[in-house]
Amino acid sequence: MVKFQQIFVLACVLAALLVSPALGKDSQILSGNMFVRFYQDHISGADGSRCPMSPSCSEYAARALKKHGPLLGWVMACDRILRCGRNEVSLVPEKWINGRSHAYDPVSANDFWWFEEP
Amino acid sequence: MRKFYYARIKPVTCFLVSWAAAGLFFFGTAILAQAETQQLVISPDMQFSYADSLYKKADYATAEVEFKRFIHFFPGDPRTMEAEFKIGMALFYQERFYDAARQFDEIIRKEKQNPFTREAYFMQSKAFIRMDNWGYAQTILHNFLKITDDPDIQDRIYLDLARLHIQASRQPGTDELDDARRFLEQISQANAKNLKAAELAALIKEARTAPQKNPVLAGLFAIIPGGGFFYCERYKDAVAAFGLNAGLMLAAYTAFDNGNPALGAVIGFVETGFYSGSIYGAVSAAHKHNHVQRVRILNREFNLGTTIDPDHQGVFFSLNHRF
């Protein structure tokens, strides 16, 4: 099931959404990236990275938020957490990082059907 | 007044000295002549065959240098264009695709009516494909198509363009199979069999009619959490989506029911994300399923390759099959 850390990331994103109207358009807080970076630096860094996907779910969330903004980025992050380590692992290409196999699932593999890369 | 004294030399001594000088002269001349006969003069044939042997041994870096040497010392030789082309090929095989493309471009600019120039167009296009520059690869072939009158060459261009579009259709979100089919239809009946155009057309048809998942239906099924994933045959994802959404809905309901609306709202907000995410994921899964099906079929494409026969100035067609 969903781990505490993943819920924390979502709570951070939620907080970002709540405070976002008061901030500028290009703010890091608006995109939720600041909270994801905090999670990556201070929680995941201490707890250890175990995500079987590449990019990791937090990195995927950061990229989705940056690429598609807080609303769609959040939805895509939730979708990724739901799929993390299950069927996707056997369906996507393998990527080796530091001697460990990861399922390669970038943001572009999940938005290609509606988003055209510039 | 100064006096000069002359030494008296005996006739025998004079005779011996003269013979020694003559001997030295003849020996010296003989040694020089010997040295001249050992000096190696490299002919165009020797240089070209040496470069070519390196090329055939797949020592492409050295072959490139030796072909350049051939062009430098024998610029008027009729094999210069072949040497130029093989420099391009050597660069291509060394995976220096940008340099190879430039080399082929030089060949194209130098001479128009030459078998190696014709091959240079195809190879330049291939070099751009290897650099992931599909647009340039297509442009080169389209330009070549405009200037060539040879129906065999035109058919090869149509085939390469069709294959380019098929390869492009392997990329997510790209569908150029209709373009590929259009070019295959332009191949003349005489060459259609040799170029396996019918097989490629059948492959495209198979990719088009492959069993697909309807993304709209997947989205509709996902109204019940996990239903969309189940439809897309992602059973683990379906169970996870159903369990998580049901759990969060129950948690939000319980929080509201216990008079804790703040907690209920937060959980409800998080649940909204997961619920939306499961619908998004289901629609995305249907698209990904369709794409994977297509790629699986297109990867069976007959891989027709062409190359120059260096000995007979002809063109080889090679047929590979990807399993």
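The basis for the numbers below is simple: all heavy atoms, side chains too, and nothing from hydrogens, waters or symmetry mates. Note that this is a predicted model, so its numbers are computed, not measured. Sequence lines set the chain letters: A, B, ... in the order given, protein chains first and strands last, and positions in each chain run from 1.
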Check: Would one find more than 12 heavy atoms of other residues, nucleotides or ligands at under 6.0 Å from atom CZ of A:R100?
Finding: yes
Margin query: Can you tell me how far apart OG (B:S284) and CZ (A:F112) are? Round to the nearest 0.5 Å.
Written below: 6.0 Å
Check: With a 4.5 Å heavy-atom cut-off, do A:R86 and B:V239 have their side chains touching?
Finding: no
Next item on the list: Would you indicate whether B:F242, at its atom CZ, is surrounded by more than 12 heavy atoms from other residues, nucleotides or ligands within a distance under 6.0 Å?
Entry: no
Item checked: Option that, when pairs with chain A are counted at under 4.5 Å, heavy atom only, ranks first among B:P172, B:A285, B:P215, B:A282 -> B:P172
Checklist line | Close side-chain approach of A:W113 to B:V283, heavy-atom, < 4.5 Å | finding: yes
Notebook entry, point to check: Side chain, backbone, both or neither: which part of B:Y235 has a non-hydrogen atom closer than 4.5 Å to chain A?
Noted result: backbone
Item checked: Side chains of B:F274 and A:I81 in contact at under 4.5 Å (non-hydrogen atoms) -> yes
Next item on the list: Locate the shortest heavy-atom distance separating B:D237 from A:E88; write the atom from each residue and the value.
Entry: OD2-N, 4.5 Å
Next item on the list: Check B:A241 against A:L82 and note the closest heavy-atom contact, atom names and distance.
Entry: CA-CD2, 3.6 Å
Item checked: Flag if over 12 foreign heavy atoms under 6.0 Å of CD, A:E117 -> yes
Margin query: Within the supplied structure, the quantity of interest is the number of heavy atoms (other residues, nucleotides, ligands) at a distance under 6.0 Å from A:F115 CZ; does it exceed 12?
Written below: yes
Next item on the list: With the side chain counted from C-beta on, respond yes when B:R234 and A:L91 share a heavy-atom pair under 4.5 Å apart, and no when they do not.
Entry: yes
Next item on the list: Select, from A:N87, A:V92, A:D79, the one with the greatest count of heavy-atom pairs under 4.5 Å involving chain B.
Entry: A:N87
Next item on the list: For residues A:C78 and B:G277, report the shortest heavy-atom separation together with the two atoms involved.
Entry: CB-CA, 4.4 Å
Notebook entry, point to check: Quick one: are B:K288 and A:D105 in side-chain contact, heavy atoms under 4.5 Å?
Noted result: yes
Check: Between CD of B:Q171 and OG of A:S108, what distance do you get to the nearest 0.5 Å?
Finding: 10.5 Å
Item checked: From NZ (B:K236) to CZ (A:R83), nearest 0.5 Å -> 14.5 Å
Margin query: Within the supplied structure, the quantity of interest is the number of heavy atoms (other residues, nucleotides, ligands) at a distance under 6.0 Å from B:F97 CZ; does it exceed 12?
Written below: yes
Next item on the list: For atom CD1 of A:I97, decide whether the heavy atoms of other residues, nucleotides or ligands shown that lie under 6.0 angstrom number more than 12.
Entry: yes
Next item on the list: May I ask you to check whether A:W74 and B:Y280 place their ring centers less than 6.0 Å from one another?
Entry: no
